Enquirer: 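Here it is: the structure, laid out below.
Just so we're clear, the structure is a prediction, and the values are computed from it rather than from any experiment.
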Amino acid sequence: MVKEHQLKLHNSLSGNKETFVPINQEYVGMYVCGPTVYSNVHLGNVRTFMSFDMIYRYLRHLGYKVRYVRNITDVGHLLDDSDEDKISKKARLEQLEPMEIVQKYTVDFHEVLRKFNNIPPNVEPTATGHIVEQIEITQELIEKGLAYVSNGSVYFDVKKYNDQGGDYGVLSNRNIDELFANTRVLDGQDEKRNPQDFALWKQALPEHIMRWPSPWGDGFPGWHLECTVMSTKYLGEQFDIHGGGMDLKFPHHECEIAQAKGAYGHSPVTYWLHANMLTLNGQKMSKSTGNTILPEELMTGNNEFFDKGFSPMVIRFFMMQAHYRSMLDFSNDALLASEKGYSRLMEAVKTLENLQPSGSSSVDIKQWVAKCYAAMDDDFNTPILIAHLFDAVKMINSIKDQTETIHPDDLIRLNDVFKAMIVEVLGLKEEQMAGNEDKLDGVVKMLIEMRKQARVDKDWALSDQIRDQLAALGIVLNDGKEGTTYTF
Ligand code: AMP
Ligand code: ZN
């Protein structure tokens, strides 16, 4: 049963906060664009995925049965100003199979998100697993006259789509006529009819390693197409929520809308949600500019920006202190403040467990609960929720000091909602747990180093002993080209 709620969310399509009405009552379909797995995820990526994790958690908390689909982009994401795919390039540079690159960074992505206590999606499809469907929809768009073949590649014809009643520009609020008027006319050398046209299928040059046969010759799919195909396959032609980082709004999501409307005749998504960027020293964290910090570097303190390491839960708490649609800047002072705030909150969880009720309440728990839900119902306003949680911390401490009193029924309600908001909705868990995971990681890495030294010293007995005893504890060492890693 879905709780009676007036959940409102900000829909990028209308630019307004709208009341959430799912297509199928208590079932919610939610698609979030996943990572391009050609390098380690940075904390900016983590913020976006964590924002949608919180949204997923709150919808579940309200009682919705959510099918959460988040893809893995393992082909098709082209480098800016180039015809080369990001994964192919990395594979060429590192002399690895593209699928080795994909596997390495998918594993990293999962490990990182697990550390931050993100719940995995219900379906995690890959672009390479859906080539057939991508070819099919490309054919359909060609048949409808909305795509054309050019030199072994296939492009979506944006002008034709709009001439036939399409609304390319609807999501990013771009005036398409102006866009056409202000861009240079192609010189005839280009494969595209107009600069706005985007690739559905790209011809693979002979040196391109990721390639599949198609009616237009060997090639690979364009990036925007995979999300249309996979969201439709697992959620239907029309579904409730589509999310991603703000930077994906244009052109990626704009193209998704055009492809789906072109192929199926209707708008695919009711609510488009966009999470804002994480900045470092005021600039967008981004792989291409090098202004990044990896989760591992922040946790260990091994980086040039921060004085010390911060645990995953402190980082999660820090991110939850900002609204998902606001920019957030990383700084040492802000993280130190979050560390203190986080411990105060977790201390209060423990204090609450030992609180003694009395005959009546001097505190208004009903009103407090209503405020917490009102904050979350207002487009998932976690900073306001956290402010209310700190009001509760004050109440809890006052009840402990006997300057306030609480009735047993109110105590149960306070306990339920306080913990549900912290654990279920914000996804925060006991610091101690998180701290110990990191310590264990440090110890296993130390043993891996000792084993490496033993092997250099040709002390095979010690090297085997370390490996076997770890295996007996369920920790398996994997020796690879890039050194030794471990799995539980
Ligand atoms: P990518 O792997 O580059 O496709 O990015 C994965 C997700 O991370 C996308 O939803 C991006 O919008 C998001 N993202 C990239 N950089 C940042 C950033 N600095 N802050 C927040 N989200 C980001
Ligand atoms: Zn996408």
Side-chain angles (χ1 to χ4, degrees), residues 7 9 11-13 20-37 41 45-77 102 105-107 109-110 112-114 116-134 136-137 171 221-246 248-249 252-257 259-261 263-264 266-275 324 380 427:
L7 173 61
L9 27 86
N11 189 352
S12 306
L13 202 54
F20 182 56
V21 185
I23 298 168
N24 295 313
Q25 292 175 2
E26 77 257 47
Y27 294 92
V28 174
M30 171 160 118
Y31 185 91
V32 173
C33 293
T36 308
V37 280
V41 279
N45 307 131
V46 168
R47 182 183 182 207
T48 287
F49 297 122
M50 197 186 282
S51 295
F52 287 100
D53 181 62
M54 173 275 293
I55 289 171
Y56 176 46
R57 283 168 172 276
Y58 189 57
L59 291 170
R60 284 181 15 153
H61 174 75
L62 290 184
Y64 289 109
K65 295 186 178 72
V66 189
R67 183 181 291 165
Y68 175 20
V69 183
R70 188 184 63 213
N71 68 304
I72 296 278
T73 296
D74 57 354
V75 69
H77 201 158
V102 163
Y105 294 113
T106 304
V107 168
F109 172 65
H110 287 154
V112 167
L113 288 202
R114 190 172 50 83
F116 286 106
N117 205 24
N118 280 21
I119 304 175
N122 304 104
V123 187
E124 195 169 47
T126 60
T128 55
H130 298 75
I131 301 287
V132 174
E133 292 88 340
Q134 294 182 78
E136 269 171 20
I137 184 174
L171 180 67
W223 171 39
H224 314 307
L225 198 58
E226 63 171 276
C227 289
T228 296
V229 156
M230 294 188 273
S231 57
T232 310
K233 176 152 181 172
Y234 300 105
L235 300 171
E237 286 178 14
Q238 290 183 294
F239 56 96
D240 302 296
I241 297 176
H242 192 315
M246 209 75 104
L248 298 189
K249 202 192 264 186
H252 186 53
H253 293 158
E254 196 72 73
C255 296
E256 276 190 50
I257 296 178
Q259 289 165 162
K261 274 194 182 168
Y264 313 124
H266 37 239
S267 191
V269 175
T270 320
Y271 305 97
W272 283 92
L273 265 50
H274 289 102
Y324 79 95
F380 313 102

Enquirer: What distance separates M54 CE from H61 NE2, expressed to the nearest 0.5 Å?
Expert: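 So the CE of M54 and the NE2 of H61 are separated by 13.5 Å.
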
Enquirer: Going by atom types only, do T228 and E256 share a side-chain donor-acceptor pair under 3.5 Å?
Expert: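 T228 vs E256: no donor-acceptor pair found between side chains.
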
Enquirer: In Å, rounded to the nearest 0.5 Å, how long is the span from OH of Y324 to OG1 of T48?
Expert: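 Answer for the OH-OG1 pair, Y324 versus T48, is 11.5 Å.
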
Enquirer: Is any side-chain heavy atom of Q238 closer than 4.5 Å to one of H266?
Expert: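 Yes; the side chains approach each other to less than 4.5 Å.
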
Enquirer: What do the steps show when you test H110 against Y105 for ring-ring contact (aromatic ring centres under 6.0 Å, His included), and what is the final call?
Expert: CA-CA 9 Å; H110 287 154; Y105 294 113; over 10 Å; no

Enquirer: Any side-chain heavy atom of V32 sitting closer than 4.5 Å to one from P121?
Expert: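 V32 does not reach P121 side chain to side chain.
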
Enquirer: Is there a side-chain contact between P22 and D240 in this structure, where contact means two heavy atoms from C-beta onward sitting under 4.5 Å apart?
Expert: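 Contact flag for P22/D240 side chains = yes.
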
Enquirer: When you compare the side chain of H252 with that of C33, does any pair of heavy atoms fall below 4.5 Å?
Expert: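 They are in contact (side-chain heavy atoms under 4.5 Å apart), so the answer is yes.
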
Enquirer: For the residue pair R70 and L113, establish whether any side-chain heavy-atom pair is separated by less than 4.5 Å.
Expert: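 Counting from C-beta outward, R70 and L113 do come under 4.5 Å.
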
Enquirer: So, Y56 and R60: side-chain donor and acceptor under 3.5 Å apart, yes or no?
Expert: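 Per modelled atom types, Y56 and R60 side chains form a pair under 3.5 Å.
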
Enquirer: Between Y271 and F20 (judged by ring centroids, cut-off 6.0 Å), do the two rings come close enough to count as a pair?
Expert: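 Ring centres of F20 and Y271 closer than 6.0 Å.
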
Enquirer: Side-chain contact test, heavy atoms from C-beta onward, threshold under 4.5 Å: evaluate it for E226 versus H130 and give yes or no.
Expert: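 Counting from C-beta outward, E226 and H130 never come under 4.5 Å.
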
Enquirer: Cut-off 3.5 Å, side chains only: do D74 and T128 have a donor facing an acceptor?
Expert: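 Looking only at side-chain atoms, T128 and D74 do form a donor-acceptor pair, the distance falling under 3.5 Å.
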
Enquirer: Sub-3.5 Å donor-acceptor pair from the side chain of H77 to the main-chain atoms of T73, do we have one?
Expert: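 No, the answer is negative, given that no donor and acceptor are paired below the 3.5 Å cut-off.
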
Enquirer: Between F109 and F49, does the ring centroid distance fall short of 6.0 Å?
Expert: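 For F109 and F49, the ring centres are under 6.0 Å apart.
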
Enquirer: Once rounded to the nearest 0.5 Å, what's the spacing between atom OG of S267 and atom CD1 of I257?
Expert: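 Between S267 OG and I257 CD1, I get 5.5 Å after rounding to 0.5 Å.
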
Enquirer: I'd like to check V46 versus F116 (side-chain heavy atoms, cut-off strictly below 4.5 Å). Are they in contact?
Expert: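 Yes, side chains in contact.
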
Enquirer: Could you tell me the separation between the OG1 atom of T232 and the OH atom of Y31, rounded to the nearest 0.5 Å?
Expert: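 Those atoms lie 9.0 Å apart.
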
Enquirer: Evaluate M30 against V69 for side chain to side chain contact (heavy atoms under 4.5 Å, CB included), listing each step before the verdict.
Expert: CA-CA 6 Å; M30 171 160 118; V69 183; over 6 Å; no

Enquirer: Can you confirm whether the side chains of E124 and N71 place a donor and an acceptor under 3.5 Å from each other?
Expert: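 Looking only at side-chain atoms, N71 and E124 do not form any donor-acceptor pair under 3.5 Å.
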
Enquirer: Regarding K249 and E254, does a basic nitrogen lie under 4.0 Å from an acidic carboxylate oxygen?
Expert: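 No, no charged N to carboxylate O under 4.0 Å.
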
Enquirer: For the NE2 atom of H242 and the CG atom of L13, what is their distance to the nearest 0.5 Å?
Expert: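 That separation rounds to 12.0 Å.
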
Enquirer: Any donor-acceptor pair under 3.5 Å linking the side chain of N118 with the backbone of D53?
Expert: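 No.
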
Enquirer: Please lay out, stage by stage, how F239 and T270 fare under the test side chain to side chain contact (heavy atoms under 4.5 Å, CB included).
Expert: CA-CA 7 Å; F239 56 96; T270 320; over 6 Å; no

Enquirer: Out of curiosity, L59 CG to I241 CD1, how far, rounded to the nearest 0.5 Å?
Expert: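 Rounded to the nearest 0.5 Å, the CG-CD1 separation comes to 5.0 Å.
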
Enquirer: Hey, mind stepping through H224 and H253 against ring-ring contact (aromatic ring centres under 6.0 Å, His included) and telling me if it holds?
Expert: CA-CA 8 Å; H224 314 307; H253 293 158; 9.3 Å; no

Enquirer: Where do P125 and M230 come nearest, in terms of heavy atoms and distance?
Expert: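 Minimum heavy-atom separation between P125 and M230: CB-SD, 3.4 Å.
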
Enquirer: Show the nearest heavy-atom pair for residues P35 and V41, with the distance to one decimal.
Expert: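 That closest heavy-atom pairing would be CB-CG1, 4.5 Å.
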
Enquirer: Assess whether side chain to side chain contact (heavy atoms under 4.5 Å, CB included) is satisfied between F380 and L7, documenting all intermediate values.
Expert: CA-CA 9 Å; F380 313 102; L7 173 61; 4.1 Å; yes

Enquirer: Strictly distance-based, threshold 3.5 Å: is any side-chain N or O of S12 a donor or acceptor partner for the main-chain N or O of W272?
Expert: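 Side chain of S12 to backbone of W272: a pair is present.
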
Enquirer: For V75 and P221, work out which heavy atoms get closest and say how close.
Expert: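 Heavy atoms only, the tightest pair is CG1-CG, 4.0 Å.
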
Enquirer: Y64 versus Y27: any side-chain heavy-atom pair under 4.5 Å?
Expert: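 No, side chains not in contact.
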
Enquirer: Can a cation-pi geometry be assigned to R67 and Y234, taking NZ or CZ under 6.0 Å from the six-membered ring centre and within 45° of the ring axis?
Expert: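 Here R67 fails the 6.0 Å and 45° test against Y234.
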
